[in-house]
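Remarks on the structure that follows.
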Amino acid sequence: MANAKKIAELLLKRYPSPKLALNFSTPLELLVATILSAQCTDARVNEVTRQLFKKYRKAEDYARADMKRFEEEIRPTGFYKNKAKMIVECCKRLVEDYGGDVPDTLEELTGLPGVGRKTANMVLGSAFGKQTMAVDTHVLRVSNRLGLVRSDDPEVVEEGLVRQFPKGRLTKINLAMILHGRETCTARRPKCMECVLYKECEWPDKTGR
DNA sequence: CTCCCGATAT
DNA sequence: ATATCAGGAG
C-alpha cells in the first residue's frame with residue numbers, strides 16, 4: 001500500500017493552492033461547466049462558457065433555452081446534443097424543485113439529470129467549500145499508478161482515497177491530484193523523471209525518460 | 001454494455 | 001490510425 005500521507009504532503013508542496021482550470025463564478029456556472037467538460041479539454045470549455053455565461057445567467061435562462069440554438073452554442077465541447085438536453089433538463093429541475101438554486105448535498109445533486117457523482121463532488125468541493133474527492137479520469141489514473149487504490153470503479157477509488165487522506169484537506173488534495181494528472185502523470189507518456197512522487201510511486205512502467 | 005461528439009497528441 | 005480528453009444516461 002502506498003504512503004498516502006507522504007504523497008499528500010509532496011503533492012501539496014508541489015501545488016500549494018491548487019485551483020480548477022474551469023472558469024466559473026457561481027455554483028450554477030461550475031455545474032454547467034463541469035457537465036460540458038465531459039470528454040473535452042478545459043480550455044475548450046472555457047472558450048464556450050465565456051460567451052455562454054453572458055447570455056445565460058440563471059437556471060431560468062437555461063430552462064427557457066431554445067434547444068437548437070443552445071446546441072449550437074455548446075457544440076465545440078462535443079456530445080452537444082446530450083449535454084444540451086442534460087443542462088436544460090437539469091435547470092428545469094432546479095427551477096421546479098430548488099427555486100433556481102443549486103443544492104449543496106451529494107444526494108440532491110446526483111438526483112439532477114446529467115449530474116453524476118464526479119460532477120456533484122466537484123461542485124460541492126469547489127463551489128460550496130465542502131471537503132470532497134471527485135474522481136475523474138485523472139484521479140482514477142493517478143490513484144491506480146501510485147498504488148493508493150487499485151480499481152477501475154470511481155466510487156471504490158473515491159472511498160479508498162477518502163479513507164487514506166486527511167479529511168480536512170480532501171478538496172485541496174483532489175485538485176492537486178487533478179493538476180498532477182494533467183501536467184505530469186499524463187495518460188500518454190507520463191513525465192516520470194520530473195515527478196515529485198517518483199519515489200512513492202508503485203507503477204511498474206515508470207519510463208526512464 | 002453502448003451511445004453520444006469533435007479536436008488533438010502520439 | 002488510435003487513444004484520450006474534468007462523464008453520464010439508457
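All heavy atoms count here, side chains included; hydrogens, waters and symmetry mates do not. Labels below follow one simple rule: chain letters A, B, ... track the order of the sequence lines, proteins then strands, and each chain is numbered from 1.
- Applying the 4.0 Å criterion to OP1 and OP2 of dG6(B), one finds that Arg75(A) has a side-chain N or O inside that range.
- Between Tyr56(A) and Glu73(A), the side chains place a donor N or O and an acceptor N or O closer than 3.5 Å (distance only, hydrogens not considered).
- Pro113(A) comes within contact range of the sugar-phosphate backbone alone, with a heavy-atom separation under 4.0 Å but no base atom that close.
- Atoms CD and CG, from Glu71(A) and Asp66(A) in turn, are 9.0 Å apart once rounded to the nearest 0.5 Å.
- Nucleotides dC1(B) and dT4(C) place their P atoms 16 Å apart, quoted to the nearest Å.
- Here Ala134(A) lies out of heavy-atom contact (under 4.0 Å) with every strand.
- Heavy atoms of Thr119(A) sit under 4.0 angstrom from primed sugar atoms or phosphate atoms, though from no base atom.
- Atom SG of Cys195(A) is separated from atom CH2 of Trp203(A) by 10.5 Å, given to the nearest 0.5 angstrom.
- Atom OG1 of residue Thr186(A) and atom NE2 of residue His180(A) lie 9.5 Å apart, to the nearest 0.5 angstrom.
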Could you please spell out the steps behind the side chain to side chain contact (heavy atoms under 4.5 Å, CB included) verdict for Lys118(A) and Thr34(A)? CA-CA 9 Å; Lys118(A) 177 251 159 183; Thr34(A) 306; 3.4 Å; yes
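- When DNA chain C is scanned in the 5' to 3' direction for atoms under 4.0 Å from non-hydrogen atoms of chain A, the outermost contacting nucleotides are dA3(C) to dA9(C).
- Residue contacts shown for Thr34(A) are absent, as no nucleic acid heavy atom lies under 4.0 Å away.
- Position along DNA chain C of the nearest nucleotide to Leu112(A) versus Lys19(A) favours Lys19(A) as the more 5'-ward residue.
- If you take atom P in dA9(B) and the same atom in dA6(C), they sit 12 Å apart, rounded to whole Å.
- For dC5(B), the base is not stacked against the aromatic ring of Phe79(A), per a cut-off of 5.5 Å between centres and 30° between planes.
- Atom pair Asp42(A):CG and dT8(B):P shows a separation of 14 Å (rounding to whole Å applied).
- Rounded to whole Å, the distance from CZ on Arg182(A) to P on dT8(B) is 16 Å.
- Using a 4.0 Å heavy-atom distance criterion, Leu20(A) is classed as a base contact.
- Among the atoms of the strands shown, only primed sugar atoms or phosphate atoms (P, OP1, OP2) are found under 4.0 Å from some heavy atom of Val115(A).
- In this structure, Leu124(A) and Leu106(A) have side chains that are in contact, with non-hydrogen atoms separated by less than 4.5 Å.
- Between dC5(B) and dA3(C), the two C1' atoms lie 15 Å apart (nearest whole Å).
- Taking hydrophobic clusters as Ile, Leu, Val, Met, Phe, Trp and Tyr residues chained together by side-chain heavy-atom distances below 4.5 Å, Val32(A) shares a cluster with Leu94(A).
- Between Met86(A) and Ser37(A), the residue whose closest nucleotide on DNA chain C is further toward the 5' end is Ser37(A).
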